[in-house]
Trainee: 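Can you keep this structure in mind? I'll have questions shortly.
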Amino acid sequence: MKRLVAVLFGVAVTVGALSLASCAVSRSVVMPSGQHGYTVNCSGAALSWADCYQKAGETCPQGYDVADKSDEHGGPVVAANRYGLFGAPVMDRTMLIQCKA
């Protein structure tokens with residue numbers, strides 16, 4: 001029973017760490033046209049396109065246009081501890097946006 005509790009605790013800690021480490025971020029960039037824009041990254045197993053759109057809305061409260069959008073499989077992320085090996089597939093998601101004036 002102690003072993004089961006220890007394994008479940010290890011899984012909970014690993015999942016919690018992966019969840020906390022994953023958050024959508026935006027970064028200011030200069031677009032190919034020379035205008036100001038942002039890249040929004042919501043990559044990770046715990047995030048989705050909804051997180052990208054939410055971060056884009058927070059970055060541009062007056063609205064935004066999506067100039068480019070891409071997603072691809074980035075491979076698995078694996079974490080291990082003394083109780084076992086845990087893995088999850090990772091998706092790389094990014095958007096290039098331009099805020100509306």
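We count residues from 1, following the sequence as given.
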Trainee: When you check the side-chain N and O atoms of T94 and T39, is any donor under 3.5 Å from an acceptor?
Mentor: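 T94 vs T39: no donor-acceptor pair found between side chains.
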Trainee: Taking only residues two or more places apart in sequence or in another chain, which ones pass side-chain hydrogen bond (donor to acceptor under 3.5 Å, both in side chains) with S33?
Mentor: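 None.
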Trainee: Once rounded to the nearest 0.5 Å, what's the spacing between atom CD of Q98 and atom CG of D65?
Mentor: 7.0 Å
Trainee: Minimum heavy-atom separation for C42 to S48, with atom names?
Mentor: SG-O, 3.5 Å
Trainee: Using the side-chain contact (heavy atoms from CB on, under 4.5 Å) rule, take V30 and Q35 through it: C-alpha gap first, then chi angles, then the decisive distance, then the call.
Mentor: CA-CA 6 Å; V30 176; Q35 295 179 327; over 6 Å; no
Trainee: Determine, using the 4.5 Å side-chain heavy-atom cutoff (strictly less than), whether V40 and L47 are members of one ILVMFWY cluster.
Mentor: no
Trainee: Can you classify the ring geometry of Y38 versus H36 as parallel (below 30°), tilted (30 to 60°) or perpendicular (above 60°)?
Mentor: perpendicular
Trainee: Could you state the interatomic distance from NZ (K69) to CZ (R93), rounded to the nearest 0.5 Å?
Mentor: 10.5 Å
Trainee: Which atom pair, heavy atoms only, marks the closest approach of W49 to M95?
Mentor: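 Answer, listing the atom of W49 first, then M95: CZ3-CG, 3.4 Å.
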Trainee: Side-chain contact, heavy-atom cut-off 4.5 Å: M31 with L96?
Mentor: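 Yes, close enough: below the 4.5 Å cut-off.
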Trainee: How does the hydrophobic cluster around V25 look, that is, which other residues are in it when side-chain heavy atoms under 4.5 Å mark a link?
Mentor: none
Trainee: Output a table of donor-acceptor pairs, distance under 3.5 Å, between side-chain atoms of residues 54-61 and any protein atom two or more places apart or on a different chain; print 'none' if there are none.
Mentor:
{"from": "Q54", "atom 1": "NE2", "to": "E58", "atom 2": "OE2", "distance (Å)": "3.4"}
{"from": "T59", "atom 1": "OG1", "to": "S26", "atom 2": "OG", "distance (Å)": "3.1"}
{"from": "T59", "atom 1": "OG1", "to": "K55", "atom 2": "O", "distance (Å)": "2.8"}

